[in-house]
Structures are given as structure tokens and as C-alpha cells.
Undergrad: 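Let me give you the structure first, and then I'll get to my questions.
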Amino acid sequence: MLALADCNNFYASCERVFQPHLEGKPILVLSNNDGCVIARSNESKALGIKMGVPVFQVKNTIEQHNIQVFSSNFTLYGDLSKRVMSTIRQEVKAIEVYSIDEAFMDFSGEGKHLEKGIDLKKKVQQHIGIPISIGIAPTKTLCKVAGLIAKTHTKSGVFVLKDKAIIERALKWLPVEELWGVGRRHARKLNDVGIKTAYDLCRADDSWIRRRLSVVGLRMVKELRGTPCFPLEEQASKKKNICTSRSFGKSISNIEGLKEAVSNYANSCAYKLRKQQGCASRISVFIHTNPFKPTDKQYRGFTSLILDTPSNDSIELVRLALKCLEKIYRSDCTYKKAGVIVSDISPQQQQQLSLFDTINRQKHQSIMTALDSINDKFGKDKVHLAVQGYGRRWKMKQEQLSPCYSTRIEDALRVYL
DNA sequence: TCTGGGGTCCTAGGACCC
DNA sequence: TCTGGGGTCCTAGGACCC
């Protein structure tokens with residue numbers, strides 16, 4: 001048996017941990033630049049606020065119901081996530097951290113599954129203050145279904161999906177578009193041919209599913225029928241692509257501003273590469289105008305460069321990123337977003353050196369190591385390249401940012417006795 | 001006025017090889 | 001008149017996830 005632990009309304013719950021008076025009150029967490037709604041407490045969901053809507057469209061509802069609004073604080077959410085995962089890790093044989101707010105677990109073995117789930121939920125609540133739901137079933141896809149039921153149809157927040165009859169009942173109840181692996185496109189395709197529920201899909205012909213939903217869809221259906229196709233993966237695999245991109249708080253029309261942003265993103269990619277001990281041999285840069293302003297001239301620039309020798313050196317990657325930028329920049333546009341992608345990633349240990357290499361790699365590597373250790377200790381970008389700038393004209397809008405209670409000592413709560 | 005930021009996998013088609 | 005059979009690699013696009 002497997003289980004899926006899923007944090008309820010995770011970002012909203014994180015904000016509540018340090019502001020418990022918000023319990024029972026509607027909360028929203030916004031995307032970067034405070035643009036869209038990316039998390040809602042139950043109370044906000046009940047008020048009809050949809051996932052992903054631009055904030056300005058629900059401004060009235062926010063004011064009317066005095067909804068508490070937060071900018072996204074990923075430092076806080078990331079830290080609380082780590083803590084939730086480590087509490088879970090102590091209670092189970094194996095865990096796969098699937099996303100910031102979800103983990104699959106090995107729930108096999110003796111003991112009653114339901115009780116074990118309830119106990120785990122209680123521990124996470126007590127240790128971290130984050131409410132979770134748990135779905136328990138023989139396959140990952142069925143765990144997802146069980147988790148959905150746990151969240152909506154149980155008091156305990158834990159549900160076991162094991163008996164054949166209960167699985168069948170659950171699948172007949174579940175609309176096909178709610179399935180893990182069925183997105184909007186597939187849902188429409190399936191609905192068009194009369195497949196409305198997960199149960200309908202289970203009864204469809206294998207070769208038909210294979211043709212319409214590819215092998216990925218077929219695996220999912222097999223899992224619904226009880227055959228595991230997605231094993232528990234304890235080791236997080238290394239990224240094959242790494243991207244850092246942002247929309248700007250304010251549009252940028254000069255190349256200097258873009259240079260500053262792009263060098264920061266390239267530096268961030270290089271940092272992420274070093275953290276996973278990889279080197280990239282391709283770097284790409286893109287810049288976009290604002291697609292929501294149709295009156296503006298629209299342009300999307302994208303280009304890549306191939307490196308002779310794979311690298312994770314900030315100095316080199318920033319230089320190449322700026323070279324890409326020069327190629328795609330057009331002075332007659334106003335830009336709203338830029339990004340850097342590094343790909344073709346290979347392990348740092350096995351690099352083939354280029355015959356014509358001019359960089360002193362060893363020296364650069366020492367610089368990077370020093371840079372990382374300083375910044376890990378004293379804060380992000382405490383020491384950085386000059387091109388990254390100090391102006392931050394491109395920076396994000398974050399007007400409702402909560403403190404980093406658990407990761408910055410200055411932000412820690414003070415308790416007066 | 002105001003609209004996020006990351007990822008993965010699969011498939012089809014083209015270019016190329018022998 | 002008739003025009004093979006087997007591969008690989010790469011890329012773009014489409015689908016999905018959080």
C-alpha cells in the first residue's frame with residue numbers, strides 16, 4: 001500500500017501558522033508581482049474566487065469580505081515544506097517528496113492503515129501546524145483519488161481506498177477531468193465520446209486509450225484498475241533543464257535594464273546547476289513583450305548558444321546569456337518578461353575539456369565555491385557580479401509580503417513574557 | 001492600471017546513416 | 001512500368017503536473 005500526504009491549501013496554511021488569528025478567515029496568496037491568485041483558503045474558495053484569476057478581477061470581493069491577501073513568500077513555504085517532509089520521513093519506511101506540498105509514502109506492512117494515517121496527520125499538525133489530508137491505496141493514481149475523497153468527504157481527513165467495491169464506487173463518482181493525468185484537453189476529448197467518469201475510462205479499450213492518451217494515459221488507467229505503473233521514487237532525479245524567469249514589476253524598454261535582469265537569471269541558473277553538481281552545454285535566453293497589452297507592439301525573442309565545454313560558472317554563463325540577449329533585443333519594444341534556460345546538463349565530474357579552452361576553470365571554480373559559501377551564509381546575492389546591478393528596476397512587486405519567520409533571525413517572532 | 005514560475009514525458013516528422 | 005529496409009538523433013509541439 002502507498003499513501004499520499006497533501007497539505008491543505010498549503011500556502012494559505014503557511015501564512016496562518018504564524019498568524020493563527022487568521023484561522024477561519026478567508027486568505028489569498030498571490031503570484032509574483034501580486035498578479036494572480038495562486039492559493040486560497042477554504043473560506044476564499046467558498047466566496048467563489050477561482051484559482052489563477054487576476055487579482056484586479058476580484059478586487060471587490062476582496063474588499064467586501066475583508067479577505068487577507070499575501071504576496072507569495074516561497075522562502076517561508078519552502079522551509080515549512082521541508083519541516084513537514086522531515087516529520088513524515090520519521091514515521092514511514094520510504095517517502096517520495098512529490099512537490100512542495102505533497103509526498104507519496106510507503107504504507108505497506110502491518111498495522112491498520114486508517115489509524116496510521118490519522119496518527120500521522122495528527123503529528124504533522126502538532127509539529128508544524130500545517131493541516132494535511134491523506135489518501136491510502138495500492139497505486140499512486142488511486143492514492144490521488146483517495147486524497148480527493150479524504151479532503152472532501154471525511155471528517156478525519158484520511159481515506160483508505162482498498163476494497164474493490166469501494167474503488168468502483170469512488171471511480172463512478174469521480175468526473176474524468178479530476179483524474180491525475182487528465183488535463184483540460186484530454187477531458188474534452190473523453191467527454192466528447194461519452195466518457196464522463198473515471199469508471200467509464202477504466203472500461204475503455206486499452207488500444208483505444210493508448211491511441212488517444214498515449215502510453216502515459218494507459219499507465220494511469222492501469223493504475224486505476226489496481227496495477228502499479230508508477231513506482232515510489234525516493235531519490236529526487238536531477239533536473240534536465242533549469243529555468244529562471246520573471247515578469248517585471250514595471251515594463252523595461254532599455255537594454256540596460258534587461259541586461260541586469262538577464263544576468264541575475266543566468267546567475268541563478270548557474271547557482272542551481274552547481275547545487276545539483278551539473279554543467280550545462282546549452283544556454284537560452286528569451287524576452288517577451290506584454291501579451292495583455294494588445295495595443296503594444298508584440299514580440300517574443302528567443303535564442304540559444306552551445307558551449308564547447310559544459311559549465312556551471314556564473315561568470316561564463318552570465319557572459320553568454322548577455323550575448324544571447326544582444327542577438328534578440330529590439331529597441332522598439334517594451335518588455336514585460338525575460339528568462340534564462342540552461343539545458344543539456346551533464347554531471348560536473350565528467351567534463352570533456354575543449355581543445356581551444358581559454359578559461360582558467362580551476363580558478364573560476366574556486367571563486368564560485370567561495371561565492372556560494374558566502375551567500376549561503378549571509379544571504380542571497382550578498383556578493384554578486386557587477387553586471388547584476390544594484391538598481392533592481394526589474395524587481396517584482398510584492399506589496400503584501402509576510403516575514404520569513406523561520407529562516408531570517410531578524411524576522412523571528414518575539415515573545416514577551 | 002492590473003494577468004506566475006517552474007518542470008516532465010511522449011510523439012511525429014525531418015535529416016541523416018548504411 | 002517498376003523505385004528498400006533498417007536504423008539513430010534531433011526538434012518542435014502538445015499534453016500533463018505542481
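Chain naming here is simple, since letters A, B, ... match the order of the sequence lines and numbering starts at 1 in each. All values derive from a computational prediction rather than experimental measurement.
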Undergrad: Quick one: label Leu179(A) by what it contacts on the DNA or RNA (base, sugar-phosphate, nothing), any heavy atom closer than 4.0 Å.
TA: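 Answer is sugar-phosphate: Leu179(A) comes under 4.0 Å of backbone atoms only.
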Undergrad: Tell me which residues in residues 185-207 of chain A put a heavy atom below 4.0 Å from DNA chain C, sorted by number, or none.
TA: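 Going residue by residue through residues 185-207 of chain A, the ones with a heavy atom under 4.0 Å of DNA chain C turn out to be Arg185(A), His186(A).
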Undergrad: Return the set of residues passing salt bridge (charged side-chain N to carboxylate O under 4.0 Å, His left out) with Glu326(A) (not counting sequence neighbours), or none when no residue passes.
TA: Lys259(A)
Undergrad: Using a cut-off of under 3.5 Å, enumerate the N/O to N/O pairs linking the protein to nucleotides 11-16 of chain B.
TA:
{"residue": "dT11(B)", "atom": "OP1", "partner": "Arg210(A)", "partner atom": "NH2", "Å": "2.4"}

Undergrad: Using whole Å, report how far NZ of Lys336(A) lies from C1' of dC2(B).
TA: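 Going from Lys336(A) (NZ) to dC2(B) (C1'), I get 8 Å.
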Undergrad: Can you list, by residue number, the residues of residues 233-245 of chain A that have a non-hydrogen atom closer than 4.0 angstrom to DNA chain B?
TA: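 Lys239(A), Lys240(A), Asn241(A), Ile242(A), Cys243(A), Thr244(A), Ser245(A) - these, ordered by number, are the residues of the stretch whose heavy atoms sit under 4.0 Å from the strand.
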Undergrad: What parts of residues 51-65 of chain A reach DNA chain B, counting only heavy atoms under 4.0 Å away?
TA: Pro54(A), Phe56(A)
Undergrad: Looking only at side chains, do Asp313(A) and Ser311(A) share a donor and an acceptor under 3.5 Å apart?
TA: no
Undergrad: With the criterion being N/O to N/O and under 3.5 Å, what pairs connect the protein with nucleotides 8-10 of chain C, and how long is each?
TA:
none

Undergrad: In whole angstrom, what separates Lys293(A)'s NZ from dT1(B)'s C1'?
TA: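 For the pair Lys293(A) NZ and dT1(B) C1', the rounded distance is 8 Å.
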Undergrad: Just the rounded figure in Å: distance from P of dC18(C) to CZ of Arg40(A).
TA: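 Computing the Arg40(A):CZ to dC18(C):P distance gives 14 Å.
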Undergrad: For Arg185(A), does the CZ atom sit with more than 12 other heavy atoms under 6.0 Å from it, leaving out its own atoms?
TA: no
Undergrad: Nearest to the side chain of Lys337(A), which nucleotide is it out of dC18(C), dT3(B), dG5(B)?
TA: dG5(B)
Undergrad: Say whether Ser133(A) and Asp6(A), considering side chains only, have a donor N or O and an acceptor N or O under 3.5 Å apart.
TA: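 Result is no, nothing qualifies.
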Undergrad: Anything under 3.5 Å between a donor and an acceptor, one on a side chain of residues 170-177 of chain A, the other on a protein residue two or more places apart or in another chain? List them.
TA:
{"residue": "Lys172(A)", "atom": "NZ", "partner": "Glu168(A)", "partner atom": "OE2", "Å": "3.1"}

Undergrad: List in chain and number order the residues that pass ring pair (Phe, Tyr, Trp, His ring centres under 6.0 Å) with Phe104(A), two or more places apart in sequence or in another chain; answer none if no residue qualifies.
TA: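 Phe104(A) satisfies ring pair (Phe, Tyr, Trp, His ring centres under 6.0 Å) with Tyr98(A), Trp180(A) only.
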Undergrad: Of the options Glu223(A), Glu178(A), Glu102(A), which is the one that meets Lys144(A) in a side chain to side chain contact (heavy atoms under 4.5 Å, CB included)?
TA: Glu102(A)
Undergrad: Using a heavy-atom cut-off of under 4.0 Å over every strand shown, decide if Arg219(A) touches base, sugar-phosphate, or nothing.
TA: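 Contact class for Arg219(A): sugar-phosphate only.
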Undergrad: Run through DNA chain B and report every stem of 3 or more consecutive Watson-Crick or G-U pairs, distances under 3.5 Å, ordered by first number.
TA: B:5-18 with C:5-18
Undergrad: Near DNA chain B, under 4.0 Å by heavy atom, which residues of residues 131-140 of chain A?
TA: none
Undergrad: Using only heavy-atom distances, determine whether the side chains of Thr141(A) and Arg219(A) contain a donor-acceptor pair under 3.5 Å.
TA: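 No, no side-chain donor-acceptor contact under 3.5 Å.
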Undergrad: Just how far, in rounded Å, is P of dC18(C) from CG of Asn8(A)?
TA: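 Nearest whole value for this atom pair: 15 Å.
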Undergrad: Taking DNA chain C as the partner, which of residues 73-99 of chain A come within under 4.0 angstrom of it by heavy atom?
TA: Tyr98(A), Ser99(A)
Undergrad: Could you give the NZ-to-C1' distance, from Lys272(A) to dG7(B), as a whole number of Å?
TA: 10 Å
Undergrad: Pairs in or reaching into residues 291-328 of chain A: which pass ring-ring contact (aromatic ring centres under 6.0 Å, His included), with residues at least two apart or in two chains?
TA: none
Undergrad: Nearest whole Å is fine: how far is dT1(B) C1' from Asp296(A) CG?
TA: 13 Å
Undergrad: Just call it for Lys397(A): base, sugar-phosphate, or nothing, with non-hydrogen atoms closer than 4.0 Å on any strand.
TA: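 No contact at all - Lys397(A) keeps every heavy atom at 4.0 Å or more from the nucleic acid.
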